[in-house]
Amino acid sequence: MAVPAPWVMLPSRDLRMKQDIINLLQAALAQLAANGQLMRDAPLPVPQLERARDSNHGDFATNLAMVLAKLARAKPRELAEQIVAAMPASPLIIQTEIADPGFINFFLADAAYHAVVTQILAAGSDFGRSRIGAGQRVQVEFVSANPTGPLHVGHGRGAAYGTVVANLLAAVGFNVHCEYYVNDAGRQMDILGTSVWLRYLELCGEALRFPSNGYRGDYVWDIAATLHREHGDNWRVDVAQVFTGLPPDAPTEGETALIGADKELHIDALIAAAKRLLGDNRYRYVFELGLNTILDDIRNDLAEFGVAYQEWYSERSLTESGAVNRAIERLRSGGHLYEQDGALWFRSTAFGDEKDRVVVRENGQMTYFASDIAYHMDKLERGFDRVIDIWGADHHGYIPRVKAALQALGDDASRLDVLLVQFAILYRDGVKVPMSTRAGEFVTLRELRREVGRDAARFFYVMRRCEQHLDFDLDLAKSESSDNPVYYVQYAHARVSSVLRQAAEKTLMIDPSPGNTNLERLTENHEQALLRTLSRYPEIVETAAIKAEPHQLTQYLRELANDFHTYYNAHQFLVDDAVLRDARIKLILATRQVLRNGLGLLGVTAPESM
RNA sequence: GCCCUCGUAGCUCAGUUGGAUAGAGCGAUCGCCUCCUAAGCGGUAGGUCACAGGUUCAAUUCCUGUCGAGGGCACCA
């Protein structure tokens with residue numbers, strides 16, 4: 001059975017400039033093949049065309065002759081000459097050159113670049129969008145933090161990265177479905193509920209020793225206060241009933257260790273006590289209050305951060321719908337499960353995992369992994385062509401077992417991509433901001449947004465490759481200077497708007513002329529550079545999307561802004577020569593459009609003035 | 001010990017999925033506002049791409065090994 005290529009894509013018809021040249025090369029190859037100058041049966045390669053790094057090498061270059069040399073049993077240079085000779089004439093290309101050891105370099109006509117301005121102005125906010133995704137359905141799951149507390153800055157990076165990747169994929173024609181997996185069923189949620197209840201008892205006036213494994217954040221007190229407001233002391237119990245006979249907890253700071261101390265056994269016993277003393281209904285109420293309060297906070301936080309999901313998928317619903325049992329049955333009937341030490345194990349080592357994994361614990365409880373198998377089975381059953389999971393890098397060891405499970409289920413595990421996001425480290429005054437979950441002194445996403453603003457947070461988060469540790473300089477993110485890449489790019493956008501306002505004040509006509517009119521007047525070096533950069537934008541969006549690398553876009557926008565600022569410093573736009581002025585205004589309008597489109601994909605505002 | 005990610009200028013990072021003389025920003029240093037926002041621009045200095053092999057026309061890029069950094073190796077989520 002044929003395995004589908006990682007990304008099945010339509011040809012990049014929308015990348016006009018580049019694709020036009022590729023078409024010419026393909027025509028040349030077909031010509032050579034027809035003449036018998038190439039091996040008869042050999043398949044023709046798709047020409048690889050790249051932007052020349054050095055302007056001495058023209059605008060584009062291809063290594064086609066070198067790649068083909070062996071196949072054609074010819075010397076690269078000679079083959080290059082044959083290819084060039086076989087190429088149909090085109091007004092795009094002004095000069096072709098063959099360089100050692102066999103590169104074919106293309107020099108483009110100025111008119112080809114002038115046409116880019118026209119294309120941008122005609123396409124507007126659609127410039128850079130394409131259809132290479134061909135409407136394939138892609139699911140992107142990201143953040144998915146346990147609703148046991150507010151999002152912190154680490155989640156923020158996943159949120160920014162995930163949402164920009166989704167934007168990029170949508171821009172190149174994929175049908176994107178963003179999803180947050182809500183872990184609303186697991187033991188961690190029981191620990192949260194129990195933490196809330198213990199704080200409630202404290203509010204009732206009970207004195208108790210808070211468990212080392214409990215959630216200690218202030219938000220737990222807030223939820224407990226809500227509970228106390230609603231029910232007063234009615235749900236109060238004597239703490240002696242809660243704590244007597246419990247296995248000892250691990251020591252917290254300043255305590256000495258007790259014999260047999262085990263924080264896990266201790267907290268599990270506390271959960272059991274909470275369930276027993278509260279009864280099912282009341283326990284469930286406390287549990288739900290904690291879950292819903294925090295989940296509402298997370299939803300609100302992400303919405304304010306400009307992150308929107310199509311779906312919030314409940315882990316609990318997987319159990320309720322029977323999906324978890326169904327997944328386990330499928331594994332069982334496939335012979336992939338076995339019992340040992342009272343637990344049910346999945347033989348993941350048969351699919352390359354390091355060790356086998358438990359799916360049902362000795363005590364009968366499903367593991368998180370069991371739900372996750374069901375969840376990923378469900379994702380593929382929902383018909384997504386591709387599934388992208390974005391996880392914190394600390395979960396990387398989890399990938400082989402999830403892929404193993406999909407294989408064991410008979411699914412195509414290559415449809416799942418897991419992207420890992422490294423941690424973000426905050427710096428203030430050049431010093432690392434200490435963050436430790438244990439001490440409860442982590443910085444929340446909300447605090448970060450309040451401090452540096454949404455735009456800076458979004459931009460900084462995706463500035464680096466995701467598998468790279470991110471040094472997040474808070475002072476830089478807040479600074480209003482060209483050192484700050486967000487302001488630098490936004491300022492370029494605002495500057496164009498400012499120029500247009502100036503023109504209006506001077507009552508100059510700034511309605512741009514139609515089509516390519518007057519663009520031949522753009523002859524300055526700075527204008528050439530800007531045009532070249534503008535023409536690259538669709539290629540940038542495409543590679544950033546396919547490689548899931550938003551940083552390519554931030555990098556590009558800096559370059560574009562730089563080209564613009566340089567141009568701005570070197571030349572007046574609102575010149576007396578009306579024809580030249582028209583051409584320049586069209587160029588800066590096109591620049592503003594591309595800045596706006598790029599910032600839009602990043603979820604960063606494009607201000608009219610600063 | 002095993003696995004994953006990473007190692008590029010003093011610092012933070014790019015490097016077009018193997019291409020031609022390895023690039024930005026910051027910091028350092030020298031300059032530019034009677035001119036559309038100086039929240040801007042330009043010049044100079046700064047490199048054994050961690051190291052050693054291999055693959056080929058071509059390696060910062062792919063493979064192997066060594067060294068170094070971070071993370072992961074639960075009947076936790």
Side-chain angles (χ1 to χ4, degrees), chain A residues 48 50-54 56-57 61-63 66-67 69-70 75-76 99-103 105 145-146 148 183 185-189 191 213 264 267 315 340-345 354-355 357-369 371-372 392-400 420 422-423 427 430 463-471 473 476 479-485 487-488 490-492 494-503 505-506 508 536 539-540 543 546-547 549 551-552 554-555 558-559 561-562 564-575 588 609-610:
Chain A
Q48 294 202 348
E50 61 181 16
R51 294 265 172 183
R53 287 178 179 165
D54 186 334
N56 290 328
H57 303 140
T62 182
N63 59 0
M66 288 178 282
V67 173
K70 216 179 279 175
K75 290 182 180 167
D100 279 330
F103 288 106
N105 296 332
N146 284 341
T148 53
N183 297 117
R187 176 164 167 271
Q188 293 303 318
M189 290 308 299
I191 294 175
N213 240 9
E264 306 294 347
I267 196 82
E315 177 186 0
Q340 187 181 306
D341 305 329
L344 192 61
W345 295 71
E354 291 179 338
K355 63 181 291 260
R357 309 291 172 178
V358 171
V359 287
V360 182
R361 291 203 270 166
E362 195 179 2
N363 64 10
Q365 282 188 329
M366 301 280 184
T367 59
Y368 174 87
F369 180 45
S371 316
D372 227 22
D394 52 334
H395 285 67
H396 74 78
Y398 212 76
I399 299 171
L420 299 175
Q422 283 285 358
F423 301 117
Y427 285 82
M463 230 165 33
R464 304 287 176 231
R465 285 207 341 254
C466 66
E467 63 264 37
Q468 195 79 246
H469 287 274
L470 174 69
D471 287 332
D473 185 335
L476 180 61
S479 85
E480 297 190 345
S481 75
S482 59
D483 301 351
N484 183 343
Y487 280 103
Y488 185 79
Q490 287 181 316
Y491 181 44
R495 249 185 170 172
V496 176
S497 298
S498 176
V499 170
L500 298 179
R501 280 193 299 273
Q502 286 288 328
E505 278 173 30
K506 292 180 183 172
L508 290 170
R536 279 168 48 211
E539 295 159 37
I540 295 290
T543 56
I546 288 165
K547 295 170 78 175
E549 291 184 348
H551 74 275
Q552 299 219 12
T554 58
Q555 198 95 1
R558 280 199 86 274
E559 274 180 58
N562 180 38
F564 172 76
H565 287 309
T566 304
Y567 179 37
Y568 178 97
N569 258 34
H571 298 284
Q572 282 277 315
F573 305 148
L574 302 177
V575 290
I588 66 171
S609 67
M610 291 173 71

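Small disclaimer: the values here were computed from a predicted structure and weren't measured. Just so it is clear: chains get the letters A, B, ... in the order the sequence lines come, proteins before strands, and each one is counted from 1. Hydrogens, waters and symmetry mates play no part in the numbers below; they use all other heavy atoms, side chains included.
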- Task: Starting from C1' on B:rG70, measure out to NE2 on A:His396 and report it in whole angstrom.
- Result: 10 Å
- Message: Going by side chain to side chain donor-acceptor pair (under 3.5 Å), name the residues that satisfy it together with A:Arg357, two or more places apart in sequence or in a different chain.
- Response: A:Asp353
- Here the distance between atom C1' of B:rC3 and atom CG of A:Leu420, to the nearest Å, is 13 Å
- Note on the structure: Taken to the nearest whole Å, CG/A:Asp483 to P/B:rA38 is 16 Å
Report all interatomic pairs (protein N or O, nucleotide N or O of nucleotides 8-14 of chain B) with separations under 3.5 Å.
from   : atom 1 : to       : atom 2 : distance (Å)
B:rU12 : O3'    : A:Asp471 : OD2    : 3.1
B:rU12 : O2'    : A:Arg464 : NH2    : 3.1
B:rC13 : OP1    : A:His469 : O      : 3.0
B:rC13 : O2'    : A:Arg464 : NH1    : 2.8
B:rA14 : OP1    : A:Arg465 : N      : 3.1
B:rA14 : OP2    : A:Gln468 : NE2    : 3.3
B:rA14 : O2'    : A:Gln555 : NE2    : 3.0

- Report which part of the nucleic acid A:Glu362 touches: base, sugar-phosphate, or nothing (heavy-atom distance under 4.0 Å, all strands). base
- Distance in angstrom units between A:Glu505 CD and B:rU37 C1', rounded: 12 Å
- Non-neighbouring partners of A:Glu315 that pass side chain to side chain contact (heavy atoms under 4.5 Å, CB included), sequence neighbours left out: A:Tyr181, A:Asn183, A:Asp184, A:Ala185, A:Tyr368, A:Ser371
- Task: Please list, chain by chain and in numerical order, all residues satisfying side chain to side chain donor-acceptor pair (under 3.5 Å) with A:Arg51, sequence neighbours excluded.
- Result: A:Ser535, A:Glu539
- For A:His565, all residues meeting ring pair (Phe, Tyr, Trp, His ring centres under 6.0 Å), sequence neighbours excluded: A:Tyr488, A:Tyr491
Taking only N/O atoms, report every protein-nucleotides 42-45 of chain B pair under 3.5 Å with atom names and distance.
from   : atom 1 : to       : atom 2 : distance (Å)
B:rG42 : OP1    : A:Thr566 : OG1    : 3.2

- One should report the stems of RNA chain B, each a stretch of at least three consecutive Watson-Crick or G-U pairs at distances under 3.5 Å, as B:1-7 with B:67-73, B:10-13 with B:23-26, B:28-32 with B:40-44, B:50-54 with B:62-66
- Item | Listed partners of A:His571 passing ring pair (Phe, Tyr, Trp, His ring centres under 6.0 Å), at least two apart | A:His526, A:Tyr567
- Query: Picking from B:rA77, B:rU16, B:rA20, which would you name as closest to the side chain of A:Phe103?
  - Reply: B:rA20
- Task: Look at all strands and tell whether A:Ala61 reaches a base, only sugar-phosphate, or nothing, counting heavy atoms closer than 4.0 Å.
- Result: base
- Message: According to side chain to side chain donor-acceptor pair (under 3.5 Å), who are the partners of A:Glu480, at least two apart in sequence or on a separate chain?
- Response: none
- Nearest-neighbour nucleotide for the A:Ser609 side chain, B:rA20, B:rU37, B:rA77 considered: B:rU37
- Query: With respect to the side chain of A:Ala343, which nucleotide from B:rC75, B:rC41, B:rU5 is positioned closest?
  - Reply: B:rC75
Filtered N/O pairs between nucleotides 31-36 of chain B and protein, under 3.5 Å:
from   : atom 1 : to       : atom 2 : distance (Å)
B:rC35 : O2'    : A:Gln572 : NE2    : 2.8
B:rC36 : O3'    : A:Gln502 : NE2    : 3.4
B:rC36 : N3     : A:Phe573 : N      : 3.1
B:rC36 : N4     : A:Tyr568 : O      : 2.7
B:rC36 : N4     : A:His571 : O      : 2.3

- Task: Compare the aromatic ring of A:Tyr488 with the six-membered base ring of B:rA39 and state whether they stack according to the 5.5 Å and 30° rule.
- Result: no
- Item | N/O donor-acceptor pair, side chain A:Asn105 with base B:rA20, under 3.5 angstrom | yes
- Message: Test of understanding: with side chain to side chain donor-acceptor pair (under 3.5 Å), list the residues that count as partners of A:Tyr487, not counting sequence neighbours.
- Response: none
Show each protein N/O and nucleotides 54-62 of chain B N/O combination with a separation under 3.5 Å, one pair to a line.
none

- Task: Answer syn or anti for B:rC62, where the cut-off is 90° from 0 on the glycosidic torsion.
- Result: anti
- Note on the structure: Of the listed B:rA39, B:rC75, B:rG19, the closest approach to the A:Lys355 side chain comes from B:rC75
- Between P of B:rG1 and CD of A:Glu354, the distance in whole Å: 15 Å
- Query: Between atom OH in A:Tyr368 and atom C1' in B:rC75, what is the gap in whole Å?
  - Reply: 16 Å
- Give the nucleotide from the list B:rA39, B:rA20, B:rA77 with an atom nearest to the side chain of A:Glu480. B:rA39
